[in-house]
Amino acid sequence: AEILANWESQSQSKEFNAILTVAYRDRVVAYYNEFKKQLKDQDYKINVAMTFSFGDENTPDGSMASAVETMFKDYAEFTEIEFAYGDKTKGEDAYFGDLVTRATRGGSGRNSKNIDLIIVADQLLTGYDSKFLNTLYVDRPLELQGLIQAYSRTNRCMERTKSSGL
C-alpha cells in the first residue's frame, strides 16, 4: 500500500519506473497478484509486469504455467502484444526481451505502453541499465557485490529531472 500511496511523487508522474525484487518465483507471483488487487481496489492504474527464471528445472510439474499465461495476458492489455507460453518465437524469451526494452523507455507517463513497476526474483539486478529506473524496492537479502550492483541500477543521472537514484 505504501508503494502505491507514493507512486505519483516517487515516479515523477510516471515518468520513471521501479523494480521490486523478492526472493523466489512464487513470491514474485504473490506480489504481482497483490498489486493487481490493490490497484483494482484503489481504482488506480500503473503498468505492472513480472519476470523470473522461466526454466522449469525447479517446477517440473509445470506449476508456473498458469502464472506465466496470466502474466502474458495482463501484459498484452497495456502493450497490445501477445505472447504464448512455451512458444519458441513468441514465448518467454520474446516476452523478456520486450519487457527489458519497454522498461528502458521509462514509465507509462512517457508512453502508455511502458512499464511502471517490474517485480523480479533475480533478473535485472545486474547488467541492466536504464536512466529511467529511479527506485529499487527490496524484500529479500542482498549481499556484497550483489547489493551494490542492484542499487547501482537506479543511480543513472538524467538531465535536471533525475540528478540521482534511489
Side-chain angles (χ1 to χ4, degrees), residues 1-22 25 27-54 66-85 87 90-140 150-166:
E2 185 175 328
I3 291 173
L4 293 179
N6 297 308
W7 193 265
E8 286 297 317
S9 63
Q10 189 64 32
S11 69
Q12 296 184 30
S13 299
K14 301 179 186 175
E15 290 291 308
F16 294 94
N17 50 24
I19 291 177
L20 165 61
T21 180
V22 299
R25 288 189 286 189
R27 295 197 64 202
V28 171
V29 174
Y31 266 99
Y32 180 77
N33 289 332
E34 182 61 27
F35 269 97
K36 283 178 30 177
K37 178 186 175 300
Q38 287 190 27
L39 287 166
K40 183 179 178 182
D41 290 349
Q42 295 177 28
D43 194 28
Y44 187 64
K45 171 93 166 91
I46 64 169
N47 294 338
V48 180
M50 66 175 166
T51 188
F52 44 78
S53 174
F54 294 111
S66 174
V68 173
E69 289 169 354
T70 298
M71 174 178 67
F72 287 171
K73 179 182 166 283
D74 293 347
Y75 192 76
E77 288 179 12
F78 68 88
T79 65
E80 299 177 356
I81 298 174
E82 294 186 14
F83 295 96
Y85 180 70
D87 189 285
K90 293 297 273 179
E92 294 80 349
D93 290 342
Y95 167 82
F96 183 73
D98 190 76
L99 179 142
V100 169
T101 299
R102 285 179 195 285
T104 61
R105 296 177 183 161
S108 64
R110 301 183 62 75
N111 181 318
S112 63
K113 296 179 182 182
N114 286 354
I115 302 167
D116 294 300
L117 175 64
I118 307 168
I119 305 170
V120 303
D122 291 316
Q123 297 176 320
L124 303 177
L125 297 181
T126 61
Y128 170 75
D129 190 26
S130 171
K131 60 186 176 184
F132 292 104
L133 177 66
N134 76 339
T135 307
L136 175 66
Y137 299 102
V138 179
D139 186 13
R140 62 172 290 162
Y151 274 102
S152 295
R153 300 304 99 211
T154 66
N155 204 23
R156 304 296 184 259
C157 297
M158 189 180 101
E159 301 145 8
R160 289 185 217 169
T161 57
K162 185 181 174 200
S163 60
S164 65
L166 300 175

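Just so it is clear, the values below take in all heavy atoms, side chains as well, and ignore hydrogens, waters and symmetry mates.
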| said: When you measure from the side chain of R102 to the backbone of K113, do you find a donor-acceptor pair of N or O atoms at a distance under 3.5 Å? | reply: yes
| task | Please check if the side chain of N47 supplies one atom and the backbone of S112 the other of a donor-acceptor pair under 3.5 Å. | result | yes
| Plane angle bin for Y95 and F83 - parallel if under 30°, tilted between 30 and 60°, otherwise perpendicular | perpendicular
Please report the interatomic distance [atom1]([X]) to [atom2]([Y]), rounded to the nearest 0.5 Å.
X: Q42; Y: F35; atom1: CD; atom2: CZ; result: 10.0 Å
X: L39; Y: E34; atom1: CG; atom2: CD; result: 10.0 Å
X: E77; Y: E82; atom1: CD; atom2: CD; result: 10.5 Å
X: Q38; Y: Y44; atom1: CD; atom2: OH; result: 12.5 Å
X: K36; Y: D41; atom1: NZ; atom2: CG; result: 12.5 Å

| remark: Contacts of K90 meeting salt bridge (charged side-chain N to carboxylate O under 4.0 Å, His left out) (sequence neighbours excluded), chain-then-number -> none
| said: Which residue is it: D116, N114, N17? I am looking for the one with a side chain to side chain donor-acceptor pair (under 3.5 Å) to S108. | reply: D116
| task | Answer yes or no: is there a side-chain heavy-atom contact under 4.5 Å between Y75 and I115? | result | yes
| task | Step through the shown structure and confirm whether more than 12 heavy atoms of other residues, nucleotides or ligands are within 6.0 Å of CG on N33. | result | yes
